[in-house]
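All remarks here apply to the structure that follows.
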Amino acid sequence: MAVIAMGLSILFRIQLAWPDKSFPILETFLGKWAEGGRIKPDFYLALVTIHGTIMVFFVLTAGLSGTFSNLLIPLQLGVRDMASPFMNMLSYWMFFLACIIMMSSFFIETGPASAGWTVYPPLSALPKAIPGSGLGMTLWLASMFIFVASQLMGGINYVSTVLNMRTKGMDLWKMPLTIWAFFLTAILGILSFPVLVAGVVLLIFDRSFGTSFYLSDIVMGTQVLPNEGGSPILWQHLFWFLGHPEVYIVIMPALGISSEVISVNSRKPIFGYHAMVYSLIGITILSFIVWGHHMFVTGMNPLLGGVFMITTLIIAVPSAVKTFNYLATLWRGNIRFTPAMLCAIGMVSFFISGGLTGIFLGNASLDINLHDTYFVVAHFHLVMGSAAIFGMLAGVYHWYPKMFGRMMNAKLGYLHFWVTFICAYLVFFPLHFLGLDGVPRRYYAFTEFEFMQKWVTVNIFVTWSAIVAALAQVAFLFNFFYSIFRGKKAVQNPWESNTLEWTTPVEHLHGNWPGEIPTVYRWPYDYSKPGAEEDFIPQTVPYSQTMSSNMPHDFEGNAESERIQREWDAKNAPDKADVHFH
Amino acid sequence: MSLRKYISNKTIAALAVIVTVFANTSAFAQEAAAGAAAANKPVDMFPIYKSAAFYTMLFLLLCLFIAIVGKAITVYELTREAQDKPAGINWNTVNGVLFVLFLIVGLYGVYFEYTVHGHMILPDAASEHGAKIDQMFNITLILTTIVFIGTHIVLFLFSYFYKNSGKRKAYYYPHNNALERIWTIVPALVLTVLVLMGFLTWRSIFYKIEDPNNKPLSIEITSQQFVWTIRYPGADGVVGLKNYKLITGTNALGMDFKDKNNLDDQQADEMVIPVNKPVRLILTSKDVLHSFYMPHFRIQLNTVPGMTSYFEFTPTITTVDMQTKVNDPAFKFLFYCSKICGSGHYNMQKVVRVVSQAEYDAWVVKQPKFINNDLRKQFDLPIVPEAGAPASAPADSTAKPAKDSSAVAMNKPALKK
Amino acid sequence: MVHTLKQEDLKQEADPSLKARKFVLWLFVVSSTIMFGGFTSYYIVFAASKGKGHGLVLPDVFMYSTAVLVLSSVCLFLGAKAVRKQNIQQQKMFLWAAVVLGLGFGYLQVDAWSALFQSGAALVNNNAAISIIYIVSGMHLLHIFGGLGIIGNSLWGAYTNVSHEKAVYRIEIASIFWHFIDILWIYLYVFLLLNS
Ligand code: HEM
Ligand SMILES: [Cu+2]
Ligand SMILES: [Cu+2]
């Protein structure tokens, strides 16, 4: 899906860069939607819409939290299988069905949905307003309905598994941050996706049965529509009540994965584990009360705008905490630049850049002029299109040995990372300035405005960067598929990591562990602990085997253990006892 | 969960995707063939295929090159290993250095962007509240730039300095409450300041106290696919009532001419406003959502069918002054649409001219009225012999829908209300 | 993409997954509540902005259907008791009663719709507050059908002599769900009554 969506984006980037050039080759592929080799305005909007939908929902939601939750929740928690494997399977196939329905809209006469990924009515409700709102929109809605059902089943399963099925010793505060992130993500999904369903149901009724939930006072040409009393704004409320949590559904798994990858590869405990968890919890809660920042200029009550501005800027605080904690984790680390680590660092960089532009947009006064311009496009491509994607790539590189029992080629990984990292900045950074010049998003061509002409050269540059970035993904795809069959055989714990998944055998087993499920004794981040021989101590190692490196707070106030430790220290390492027990 | 099961699942998925893509392209190709036949416009495809093939070859060559370099590196490393020498290339160093290079080039890139592209953006705001917004923007920009540069320097330099050397052990440093408290509280304080300023600005924009000596000029803007209609209130200063059910080919806005306030309402092709006089925009939409976007004045508000919204502002710079200011005699203020509204979304603009009060007064009397004899007949008003201003002027936006006569007929019953 | 796990192990470790699966149902209850929360908040915002609600006297049939649904819940409760006492006969009886009452509820809901329709409050309506009555009761009815399926599963168990443990598990699942939709309906009904 990601590949398809990327292909779509290249198509419309071409249109933006060379608005009046024709590419007959496009006609070969696209037929009547690109007559004479030029993409048509309607089709341009369809491309933008489907690109956004696929990327946000199908790639970053299902592909990121879905894949990795399924892989890591059982493995890192010491569980043999999900709470309900049946629902898990159902979730998978429904996702698959949703993909097929979404793609099938490319084959119909009127083309796919074209009202933007947020499908605001009335545009999305009236086939007269745009052809994509005919059958294409129906398919979009059907696909999303199934997709949401699939996500809900998945999410419910994850939450239940995390809460009920952890192995012995794995209390909540011993869970890796990845699991915390997936867990909170799933909670977000459970609490927000149903609202989208409600909204979608009402939209379906408006479209197919003639109700007036979102429609009122509409005249197409001179034809007065019978609908009365509804309000398009209400759709936006329902949509963004999901939509904003959705963006955190996308980024939180990436944050969790990065935490783990950065800690492992810096050979240091993640800095401020508790703060990391609390900031995730903070983000989870706050993300439900900020949705109005997408609606500052809809004409809703300005008082609401003020309230949402406050909540929105508050949510930047936990994001800042996370960033600083990442930096502190790197400090005096012993960093191994595996491809996963590179991607995690890239993710931190993009998260900073995109988060900072969010501060502009979250300020209602500034948003007046920035809303629906390229500034917004740049913002969310940095946080979502880059940070989240890099989080996902980091996850793939890091857990590839777990998935396929083989290693990916590191050097191809470096090439892939560097080209993508550089190109992503080249693509998205300049877009801010288009926005600051008042260039609206979703414009088919910049030809009609004098002042936009100067940006066409920038567009050409951006398009070329996008093409190079897309080609760099060939390196990744090749690496991925080639390594499945020909990659170097992986050892059991290739990154010398502490978490449970690396205690399973390389060959996958049904039930994950051959014998008993291992018991957990300690938190997952004992890297480079002073006094320890190796620079990592897996979670399965009890404190009794690491007397030389134990610290008083390891025992969480257990007096008996502390006493034993004290005695041991007094005998074996008098100086250590001095340091810690005064 | 066996490996094979797992892979086969993946494989099924991959296969399905490939099949989808394949079906996609072949169906497109068929459609294209049909389309080409119908259009009867044979294109010589050979040169196109040739150039496509050329680029593909080029890319494959590049891949080959990369593959050869990769192999060479591998062989080199293997021989080093075989000879028991230290590993040939230390990739940690390579990547660490690359991060530093990226930092240096990146900082230059940011400087380039800020100075070059930063000079291509909108000129200073041409409205009172816009100046406040610009000020806020600058403060936010300075703060965020400091954080942006600072954190990136730290990020990439840490990456360089603390790269694995094989000699050191990392410093076990799981937490420091004081430090964490600092970087929770400091951003919180900074953001509080920003919120407060933003809140005050926001309030001053949307809660205006009316100055009785300087009453705002009301202008109504109606959006529809893909044009704007501008309505001036006429001599009485009041924009008359309208009802969407009254919309017909001749009455594009659905103005209710029973309302006296409508009789002198005027239509304009551009928005002309007097400088330093408050303007109250009345924003409505006929069909789908649009967004009234007038960036030089820092104004944006969606136009929503079924809901009227208002935006009040005071222009402070005339068009002529702005032309000298930006040193471009062709400069024009514009407003256009920024909410996706259909295929013509990318071209929905009108010119805005800010002029002196005297120029405005002279201009406004020349604008045609909406009312004409056809409408008078419809609303049972006394017919007036054609006077100076050509009554057919509004034709430009209304003529098009008028063709849809069946729709007009459907409309008739609606008129009752 | 999501990868799936096969379900065939779990003979060892006396099923921690039963508890987990019950929890799954609770989570489903939560998310479904939120969906209806979405509808009702649509209603609240709509009514607040228009200054009017549906403005109807709801048909009496809704009252009867509510009573029927409560009764059905009671039957299910008795049925659950019977399962715990391993009284298959009673179990069958009460469960059948619950199912029949559930179906009766469905019939009455449709009846209420036609009453609404006849009073001029059609689904396609210029007052979205009226349309939403149909939507919430319709979506609720879908839940009822789902619930009937789950009760049916328990009933099926009574005929195929599943183990006691399994029977208890099934009836617990059915009870959670059925009582939930019962309460949900009462909430919706009261909501619609209060916000006319
Ligand atoms: C510091 C944190 C953030 C703040 C303050 C923030 C603020 C905002 C605001 C105010 C908007 C609305 C802009 C407009 O439409 O005018 C916006 C848009 C958006 N943000 Fe963020 N954001 C933050 C982080 C994120 C993250 C982490 C993601 C996703 C991973 C994200 C994804 C998006 C998306 C997708 C949109 C555009 C939606 C659309 O209109 O299509 N944001 N953000
Ligand atoms: Cu948001
Ligand atoms: Cu538009």
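We name chains A, B, ... by the order of the sequence lines, and we start the count at 1 in each one. What you are looking at is a predicted structure, and each value in this text was computed from that prediction instead of being measured.
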Original post:
Do you know which of A:F417, A:F478, A:Y525, A:F421 has the most heavy-atom pairs under 4.5 Å to chain B?
Top reply: A:F421
Original post:
Between A:F433 and B:Y114, how do the two ring planes meet: parallel, tilted or perpendicular, split at 30° and 60°?
Top reply: perpendicular
**OP:** Measure B:L179 against the heavy atoms of chain A and call it side chain, backbone, both or neither at under 4.5 Å.
**Re:** side chain
**OP:** List the steps, then state whether side chain to side chain contact (heavy atoms under 4.5 Å, CB included) holds for B:S159 with A:F337.
**Re:** CA-CA 9 Å; B:S159 303; A:F337 288 111; 3.9 Å; yes
Original post:
Does the side-chain hydrogen bond (donor to acceptor under 3.5 Å, both in side chains) test come out yes or no for B:Y171 and A:N334, once each step is laid out?
Top reply: CA-CA 8 Å; B:Y171 174 48; A:N334 194 13; over 6 Å; no
Original post:
Counting heavy-atom pairs under 4.5 Å to chain B, which of A:D535, A:L126, A:V348, A:L342 comes out on top?
Top reply: A:L342
**OP:** List the atom of B:H345, the atom of A:R441, and the distance in Å for their closest heavy-atom pair.
**Re:** NE2-O, 3.6 Å
Subject >> Between B:W91, B:F311, B:F161, B:F206, the one whose heavy-atom pairs under 4.5 Å with chain A are most numerous >> reply: B:W91
Subject >> Check: A:W418 ring centre within less than 6.0 Å of B:F99 ring centre >> reply: yes
Original post:
With a 4.5 angstrom heavy-atom cut-off, which part of B:Y293 approaches chain A: side chain, backbone, both or neither?
Top reply: side chain
**OP:** Counting only heavy atoms closer than 4.5 Å, note whether B:E113 contacts chain A via side chain, backbone, both or neither.
**Re:** both
**OP:** Quick one: sort the A:F271 and B:Y173 rings into parallel, tilted or perpendicular, breaks at 30° and 60°.
**Re:** tilted
Subject >> Close side-chain approach of A:V317 to B:L191, heavy-atom, < 4.5 Å >> reply: yes
**OP:** Evaluate the criterion side-chain hydrogen bond (donor to acceptor under 3.5 Å, both in side chains) for residue pair B:H117 and A:K454; output intermediate values, then yes/no.
**Re:** CA-CA 10 Å; B:H117 289 159; A:K454 61 178 183 279; over 6 Å; no
Original post:
Side chains of A:I368 and B:W202: closer than 4.5 Å at any heavy-atom pair?
Top reply: yes
Original post:
Looking at A:Y44, A:Y443, A:Y444, A:F449, which hits ring pair (Phe, Tyr, Trp, His ring centres under 6.0 Å) with B:Y346?
Top reply: A:Y444
Original post:
Is the closest side-chain donor-acceptor distance between B:W183 and A:N325 under 3.5 Å?
Top reply: yes
Original post:
Would you say B:Q349 and A:E448 make side-chain contact, with heavy atoms under 4.5 Å?
Top reply: yes
**OP:** Work out which heavy atom in A:S353 is nearest to a heavy atom in B:H152; give both atom names and the distance.
**Re:** OG-CE1, 3.5 Å
**OP:** Tell me, for B:F331 versus chain A, whether the close heavy atoms (under 4.5 Å) come from the side chain, the backbone, both or neither.
**Re:** neither
